[in-house]
Amino acid sequence: MTSVPVPERRSEAAIARRERARALVRTPSFVLGASIIVFWLACALLGDRITPFDPLYDQTPEISASPSAEHWFGTDRLGRDVFSRVLAGSRDILVIAPLATLLATMLGAGLGLVTGYFRGIADDTISRLIDAVLAIPLIVLAVTVVAALGSRSTWAVTVVIALVFAPIIARTVRAAVLGEAQLDYVEAARLRGERAPYVMVAEILPNVMPPILVEATIRLGYAIFAVATLTFIGFGLQPPSPDWAVQIADNYPYLADSWWTVLFPALAIASLVVAVNLVSDSVQQVLER
Amino acid sequence: MSEPTLRVEGLDVVYRVRGYDRQVLRGVSFEVGRGESYGLVGESGCGKSTVALSIVRYLPRNGRVSAGSIRVAGADVLGYRGATLRAYRARTVSMVYQNPGAALNPSLRVGEQVAEAFTVLGASAQEAGERARAALARVQIADPESVLRRYPHQLSGGMQQRVVIAMALAKDPALLILDEPTTGLDATVEAEVLDLVASLQDELHTSVLFISHNLGVISKMCSRVGVLYAGRLVEEGPVETVLRDPRHPYTVGLLRCIPRGGVRKDHGRLDTIPGFLPPLGAEIRGCVFAERCALADDRCALEEPPLEAVGEGHASRCWHRDRAAELPREFVADLELPKVDRTGPPLLELEGLTKVFRQRGHDVHALTAVSAAVWPGETLGLVGESGSGKTTLARTLLGIVPSTAGAVRLEGVDLPPRYQKRSRDELRALQIVFQNPDSALNRRHSVRRILLRSLRKLAGLVGSAAETRMQDLAARVRLTERTLTQKPVQLSGGLKQRVAIARAFAGDPKLVVCDEPTSALDVSVQAAILNLLVELQAEKRVAYIFISHDLGVVRYISDRIAVLYLGRLQELGPADVVFDGPHHPYTEALLSAVPTIDGGGRDRIKLEGEIPSAASPPSGCVFHTRCPRKIGRICEETEPPLVEVEDGHHLRCHIPIDELRRLQGKTEAVAR
Amino acid sequence: MVAGRRPATTAQVPEIARYVLKRLGLALITLVLLSMIVFAAAQLLPGNVGRAVLGREASEEAVAEYNRLHGTDRPAVVQYLDWLGGAVRGDLGESLAQTGVPVWDIVEPALVNSLKLAAFAFVLVVPLGILGGVLAGLRSGRALDRGITVVGLSLAVVPEIVTGLVLILVFAIWLGWLPVTAQPEPGAGALTQVRYLTLPAFALVIVLFGYIARITRAGVVEALEADYTRTAYLKGLPHRTVIRRHVLRNALLPTIAVVATQVGYLLGGLVAIEYLFNYQGIGLMVLQAAQQKDFTLLTAGVMVVGTAYLLVTLVADILFALLNPRIRFGVAE
């Protein structure tokens with residue numbers, strides 16, 4: 001069927017928007033993902049107030065106890081309640097990952113806009129540099145920079161992840177901008193004497209927002225991925241943070257004896273990344289429909 | 001006994017969109033007899049393609065036939081499943097559609113694709129290869145061997161469509177469906193493809209269902225025609241009868257919209273069809289056209305008229321079929337067009353304007369030494385095939401692409417080649433209306449914002465002054481208050497183009513380039529836009545450079561016409577002179593290629609080969625490789641100068657004007 | 001009669017040759033830029049290398065002496081050119097941590113180990129991913145499609161450490177089918193090596209599957225909706241022929257180029273996996289070099305990983321061009 005350009009009336013457009021929102025709420029994967037994210041956000045905000053035991057210091061006599069009625073997820077080798085620690089474990093990652101994503105998105109979108117709009121030498125140079133940076137796997141680059149900086153503070157990790165993600169976002173945004181810049185409205189703007197910053201920010205940017213938002217939600221998932229991996233190999237969050245990956249790194253050597261100290265935080269990480277992914281995937285589905 | 005090749009009866013098709021069934025075809029019935037060619041005409045969104053896809057059983061996944069029957073060669077098509085459906089497609093029916101480039105598999109050689117049409121019928125690989133060669137020869141491809149070895153992207157659009165037609169005819173189908181087969185092709189190529197189809201049809205006696213929005217093409221190719229509106233067949237009959245004596249107000253309106261028979265803007269305004277096509281799947285109780293019909297009364301709104309005979313094989317679905325021809329004209333005030341004074345200084349002068357692009361290590365001569373002038377208040381039409389340099393000319397004079405050599409002069413002052421270096425006054429003086437309003441308007445901005453920004457940048461207006469001017473501007477192009485708050489996606493194509501025009505006029509331009517401003521629009525909308533442009537010209541004495549491939553439209557709106565071929569001006573003169581001749585042999589061929597509703601008239605002048613590459617233009621006269629009137633070596637060796645042969649009429653040809661007049665006027669055109 | 005627009009062009013051969021040359025040139029430029037970035041990140045970013053290596057307690061004199069000895073007190077450009085000159089000759093310098101040992105002697109065995117693991121994972125995931133993508137594409141919008149897409153993409157975002165841990169827990173600890181580590185005894189036979197590599201390889205497969213499947217699916221869906229597919233069906237060709245000759249042929253071509261970019265993720269995944277399974281590959285080596293502040297070894301390791309990635313994408317791009325008639329024979333203007 002060839003496209004049927006029916007004059008879409010205002011009311012129809014509004015209905016379509018509302019239908020999209022409703023379609024999103026009706027998508028089971030969106031509801032599931034959003035619920036999980038809300039759950040972990042609540043845990044992060046409420047912190048100690050909802051954990052049955054103190055996640056950091058509570059020393060019970062039971063050391064490395066397997067899951068029971070009192071300690072649902074068992075206790076670790078210092079006698080801390082694993083269930084409480086899992087609930088508390090979302091705190092730091094839910095700050096770092098979104099922050100890093102936000103920074104990366106702003107930086108990447110800016111780079112993408114400039115390179116996609118101006119083309120020419122600036123674009124060629126920056127694009128080559130981005131290619132070169134992207135040749136180094138994310139974790140390897142992050143490890144290198146963290147080691148070289150000699151700092152493993154939360155801030156350093158956030159900034160490193162943002163810097164490593166920015167080129168990836170820049171590449172996506174650049175492609176979108178290249179497509180937009182060919183459209184006649186850009187030419188019309190130039191012909192009424194608009195300057196480049198105005199054309200980029202006021203004309204093109206609003207039109208490339210959807211791919212930027214989609215990219216940001218995807219990157220958020222990978223930011224959680226990256227923080228967890230970096231932490232596990234010792235280059236991210238450090239004890240005494242109750243972070244999930246810190247717990248896994250701590251207890252990994254005792255996996256065979258007390259699996260619960262590793263498995264439950266691992267599943268918590270999985271639940272969060274999958275939830276973010278489900279939400280971003282449903283949003284894309286609905287937008288593309 | 002003599003069952004027609006195709007019989008469609010009471011066909012209803014619905015598409016499921018966002019959970020609702022939307023009806024796109026409403027009880028469509030028609031027949032195509034053996035060896036007959038039947039045209040289905042209508043504007044976009046009327047359901048033409050849906051009819052075709054239903055017949056070949058290839059509706060999109062969300063579409064289904066909800067009622068009615070389709071019989072081809074006596075058999076019920078809707079009952080086919082699996083093997084029977086494949087056999088039906090392999091042996092009985094063929095379809096050719098728009099955009100042949102997409103219809104061919106990009107990663108298979110042409111030979112393999114054509115041969116498939118034979119292997120599916122049980123031919124051996126070798127036999128299929130031989131028959132593929134014969135099939136290409138049949139569609140008049142001179143060198144089938146080499147074409148068979150190519151990939152589709154190595155062929156031109158016209159060649160690709162020939163290959164597709166060859167595949168479609170491979171099985172000698174009982175029914176051939178052509179869905180806008182020449183839309184998007186240049187006029188000369190279109191004419192060749194149409195001639196080919198016509199001659200093959202004579203030869204093969206295939207029944208043809210020809211779908212097009214172009215009444216001229218239908219009138220050239222078909223013996224009977226059905227007019228489709230909003231999924232309803234509203235009129236049907238022999239082509240000549242329907243075109244001469246239409247009995248449905250929609251057909252009447254459609255015919256009146258089209259500028260033809262040499263009408264020009266100073267002869268009067270074009271008729272339009274008010275209102276919009278009902279939205280897809282709308283619930284309609286009465287006549288589908290009632291909402292837009294000037295003859296409609298209460299009965300029309302409530303009761304659907306039946307398709308009733310009005311003459312021999314001629315039927316109309318209208319309560320007022322007997323007075324359809326009296327459809328009142330939409331009232332439009334006559335207007336006084338400004339007299340163009342060419343004794344004074346011109347508004348815009350192009351002098352030796354040249355543009356060379358550097359592409360893949362080659363110099364592409366897009367524009368070579370174009371000199372012309374435009375006076376205040378006049379329209380210069382710009383015609384030529386794709387690749388002739390029309391759009392490059394427009395972009396170069398606007399400064400979007402800087403010229404390589406030559407000058408653009410506005411009121412005697414040289415303009416900087418790049419728009420960045422032009423002053424606000426220079427920018428506001430030259431504006432453009434683009435072809436595709438979807439691309440030309442920022443889809444994230446409201447109409448208000450689009451217009452206010454232009455007023456601010458071009459007219460220097462802000463605040464309440466800008467507001468007042470915007471209201472004024474909106475009223476001038478007939479945009480409603482509500483439209484102002486909307487975004488482009490919420491507007492129809494015609495309204496969007498009005499917004500684009502309003503934007504161009506924000507700074508009171510002296511000259512507006514109109515780059516195919518109506519080619520993306522339906523004819524009824526096109527007429528309204530042309531009327532608007534003429535009104536604005538009368539009122540503001542603005543000059544236009546009007547680019548179009550539709551010669552009827554160009555003739556209607558232009559005072560003078562420039563013909564471009566391979567970046568060179570071939571002919572320049574008053575519109576009537578250029579159209580009526582004697583003209584440049586290229587202009588002559590271009591004019592003869594256009595199928596008109598009025599039919600007949602010119603003999604087709606065929607052009608040899610295809611437009612050469614601008615990277616290596618021919619020596620001498622660039623047109624000599626295709627010129628049907630080439631006189632000899634001189635054409636190959638020396639480029640003729642552009643000379644004024646009569647008052648204001650410039651030609652670039654070695655043949656003297658009187659000789660051209662004799663050749664084109666009296667003797668028969670050179671047929672092949 | 002109309003002849004084809006292009007005479008059997010003589011420009012066909014140079015077209016592809018020019019493409020390959022251009023691609024090679026770009027790769028070379030990227031490689032040089034890569035070396036600058038790596039050098040800057042690993043050897044200049046620490047600022048004072050001596051201080052970074054010796055720690056906060058070391059005396060000023062000791063740090064100065066260290067820097068003088070290792071040449072890290074020279075200007076950055078001199079250091080870089082010196083290093084680059086060595087690298088071009090195959091001399092990547094000496095390890096800072098294991099004094100006197102040439103870096104390449106440490107890199108080489110690690111690289112071989114990683115290539116084994118990566119190749120194993122790649123051989124598993126490419127056919128699986130493509131198969132999954134094709135199935136999803138052909139059933140797009142249906143349950144199977146949603147299943148493959150959602151599960152595949154969900155697994156793709158779960159960190160390898162999590163999937164790896166679960167695999168170890170289930171298959172090594174609870175079921176006892178496979179070893180906990182990936183490192184077999186020296187001199188183990190091929191079969192034993194495969195046994196040891198199975199778990200880490202699958203951890204990588206799980207991460208990569210979703211992405212490859214998604215790209216493949218997108219290609220298939222696009223090809224299914226294309227006009228040429230309609231042409232093929234309307235010729236009366238059987239479904240299987242249409243899918244094989246028309247849909248898959250066009251859908252899988254772009255997949256080649258995209259699959260190559262996944263090598264990057266694969267190489268990145270090696271760090272976590274090799275650490276988790278205690279496997280002496282390049283990932284673990286980079287990690288240890290970073291922990292020990294062995295900056296020369298770190299530079300070499302990162303450089304090797306980046307170069308490997310560039311090589312694979314280069315080969316994939318050229319392969320893509322050779323298979324794609326539009327590039328092979330140029331695009332008509």
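Lettering follows sequence order; numbering is per chain, from 1.
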Closest heavy-atom pair, A:Ala132 versus C:Leu34, reported as atoms and distance to 0.1 Å, is O-CD1, 3.4 Å

Looking only at heavy atoms, the pair that brings C:Ala290 and A:Phe235 closest together is CB-CZ, 3.6 Å

For residues 160-169 of chain A against chain C, heavy atoms under 4.5 Å, the residues are none

Greatest number of non-hydrogen atom pairs under 4.5 angstrom with chain A, of C:Leu31, C:Thr163, C:Val302, falls to C:Val302

Original post:
So does A:Ile121 have more than 12 non-hydrogen atoms from other groups sitting under 6.0 Å from CD1?
Top reply: no

Checklist entry - Does the side chain of A:Ile233 reach to within under 4.5 Å of the side chain of C:Gln291, using non-hydrogen atoms? => result no

In terms of heavy-atom pairs under 4.5 Å with chain A, the winner among C:Val157, C:Leu26, C:Val150 is C:Val157

One should read off an interatomic distance between A:Ile248 CD1 and C:Ile161 CD1, to the nearest 0.5 angstrom, of 5.0 Å

Closest non-hydrogen contact found for C:Val158 with A:Phe225 is O-CE1, 3.5 Å

Given C:Ala272, C:Gly283, C:Ser154, C:Ala156, the one with more heavy-atom pairs under 4.5 angstrom with chain A than any other is C:Ser154

Those residues of residues 267-281 of chain A that come under 4.5 Å of chain C on a heavy-atom basis, listed by number, are A:Ile269, A:Ala270, A:Val273, A:Val274, A:Asn277, A:Leu278, A:Asp281

Problem - Side-chain donor or acceptor of A:Tyr252 paired with backbone N/O of C:Leu276 under 3.5 Å - result: yes

Checklist entry - What do the steps show when you test C:Leu169 against A:Leu255 for side chain to side chain contact (heavy atoms under 4.5 Å, CB included), and what is the final call? => result CA-CA 8 Å; C:Leu169 198 57; A:Leu255 179 66; 3.7 Å; yes

Looking only at A:Ile139, A:Thr144, A:Ile136, most heavy-atom pairs under 4.5 Å shared with chain C are made by A:Thr144

Of C:Leu298, C:Leu310, C:Val305, C:Leu287, the largest count of non-hydrogen pairs under 4.5 angstrom with chain A goes to C:Leu287

So, the part of C:Leu270 with a heavy atom under 4.5 Å from chain A: the answer is neither

message = Is any side-chain heavy atom of C:Leu267 closer than 4.5 Å to one of A:Val140?
response = no

If one checks every heavy atom of A:Phe232 against chain C at 4.5 Å, the contacting part turns out to be both

Those residues at least two apart in sequence (or on a different chain) that pass salt bridge (Lys or Arg N to Asp or Glu O under 4.0 Å) with C:Arg139 are none

Bottom line for A:Val146: the part with an atom under 4.5 Å from chain C's heavy atoms is neither

So the salt bridge (Lys or Arg N to Asp or Glu O under 4.0 Å) pairs with at least one residue in residues 22-42 of chain C (sequence neighbours excluded) are C:Arg23-C:Asp317

Under 4.5 Å to a heavy atom of chain A? For C:Leu153 that would be both

More than 12 heavy atoms from other groups under 6.0 Å of CZ on C:Phe171: no

Inset, instruction - Report, as yes or no, whether the 6.0 Å neighbourhood of atom CH2 on C:Trp174 holds more than 12 heavy atoms from other residues, nucleotides or ligands. - result: yes

Checking A:Leu129, A:Thr125, A:Ile130 against C:Leu33 for side-chain contact (heavy atoms from CB on, under 4.5 Å), the one that qualifies is A:Leu129

Of C:Arg146, C:Met303, C:Lys293, C:Met36, the largest count of non-hydrogen pairs under 4.5 angstrom with chain A goes to C:Arg146

